[in-house]
Every structure is written in structure tokens, then in C-alpha cells.
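A short worksheet on the structure shown next.
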Amino acid sequence: MRHAPATLRNREPILNVLKQVLPHRGLLLEIASGTGEHAVFMAPELGELFWQPSEMDGAVLADIDERTITAGCQRILPALQLDVTAATWPLSHADAVFCCNMIHIAPWAAAESMFTGAARLLRPSSLLILYGPFRRHGVHTAASNAQFESWLQGIDPRFAVRCLDNDVIPLARANGFELADIVAMPANNFTVIWRRC
Ligand SMILES: C[S@@+](CC[C@H](N)C(=O)[O-])C[C@H]1O[C@@H](n2cnc3c(N)ncnc32)[C@H](O)[C@@H]1O
């Protein structure tokens, strides 16, 4: 099975935030599940909440499912293929949406589509939670994030560490989300929580 080493470092701090804010039941959609390692670590700790993994890359869905079946958590659903930029999404409702480390490693259109799609799924007062590196007021929060962005842009010039204040918060607001909290995380990352208006 594939392994993303960063998940071992960030999973516990992220889970601590999720435990404080998520509802104890209902359905959480995870966008860009990657290896599924966050799902298997977090879902068993989140009460009766069902966890719906998803991935743009259909080739990794079986790998995510193998990991979740091996973990034995009954509340992790079979992974869905979801490219946030697709015109239709494979589900019509969620009680929360979580997306970790995606909007910097995708074109800006993916961020735009993610907010638009999440707005369609969520009822008023439901949460959308993003985790990752962000610029604040246009400025990198650490030299390592600037280096990371140079590396990202070597892969694809459309990728970038997004500016929370200048770009992401206005995009969220335009899609009907009010900012609920910004939590500083280890390694110069943030967990950002929005509430659907
Ligand atoms: C750095 S990985 C993060 C994976 C996982 N969330 C984690 O933290 O380990 C970025 C993920 O974003 C996904 N991704 C990129 N563009 C996407 C899109 N348009 N729709 C959905 N997922 C996308 C990729 O498939 C990849 O799994």
C-alpha cells in the first residue's frame, strides 16, 4: 500500500482539532484522501460519524479501500472517485467536508470548484475544514514554505501556497462560507474552519 510520511506527523494534531469541532454523527466527506491514512487514523476517533473517502485518481481507490478494510473501521465507506472540478459530484449531501493538503498542489480552479461543490453539499451551519500551508496577508509564514512553493512550481507553475487572507477567505465568502476559526498547526501549517451560511 502507498504511504505518505507527512500523515504520520500531522494526523494527531489535525485529529485533535476535528474532535473539537465535528458533529458526532452524520457523514463527513474527505476530499483528496490520498493514501487513506488520515481516514483510518481519524474515523475511529470521531464518535458515530461516517467517513467518506474520495480521490480524483480512480487508480488509487482500491488501495484506499484495502487500507480501510484492513483497519476494520465499519464507519469508513468505500472510496468515491471525486475530481472537485467535475461538473457533478458523486454524492449530494454531507454533514461536514474535510480537505487536507490539496489546494496548493492543484490549479486555483480546484480551490474554486471545491468551495462551490462543498457549498452544494452542506446545509447551513455545517463545516468545511481545510488543512495545509497558507500565506498570510500575501507573505509566507516560513522560509521552508517559500522553498516548498518553488518546488511545487517546478512541478506545475499553477501550483502555489495560497494566500488565506487575500484569496482563500474571499473565495470562501463568495461561496457562502463564513470563517469560523484559524488554528495554527505544527510545521507552519493551518487548519481553517468555515461554516456554511
Ligand atoms: C499532497 S496529496 C494530499 C493527500 C492527503 N490528503 C494527505 O494529506 O496525505 C494531494 C491530493 O490532492 C488530490 N487532488 C489534486 N487535484 C484534485 C482535484 N481536482 N480533485 C480532487 N482531488 C485532487 C490528489 O489526487 C492528491 O491525492
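Indexing begins at 1, ligand by ligand and atom by atom, following the structure's order. What you see is a predicted model, and the numbers here were worked out from it, not measured in a lab.
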| Backbone of G34 reached by a side-chain donor or acceptor of R2 within 3.5 Å | yes
| task | Measure the spacing between CE of M42 and SG of C100 and express it to the nearest 0.5 Å. | result | 6.5 Å
| query | Protein residues near ligand 1, heavy-atom distance below 4.0 Å? | reply | T7, A32, S33, G34, H38, E55, M56, L82, D83, V84, C100, N101, M102, I105, A106
| When you look at NE2 of H24, are more than 12 heavy atoms from neighbouring residues, nucleotides or ligands closer to it than 6.0 Å? | no
| Should we count CZ of R195 as having more than 12 external heavy atoms under 6.0 Å? | no
| Hey, do the aromatic rings of H104 and F148 have their centres closer than 6.0 Å? | yes
| said: Suppose clustering is done on Ile, Leu, Val, Met, Phe, Trp and Tyr with side-chain heavy atoms closer than 4.5 Å. Which residues sit in the same group as V139? | reply: none
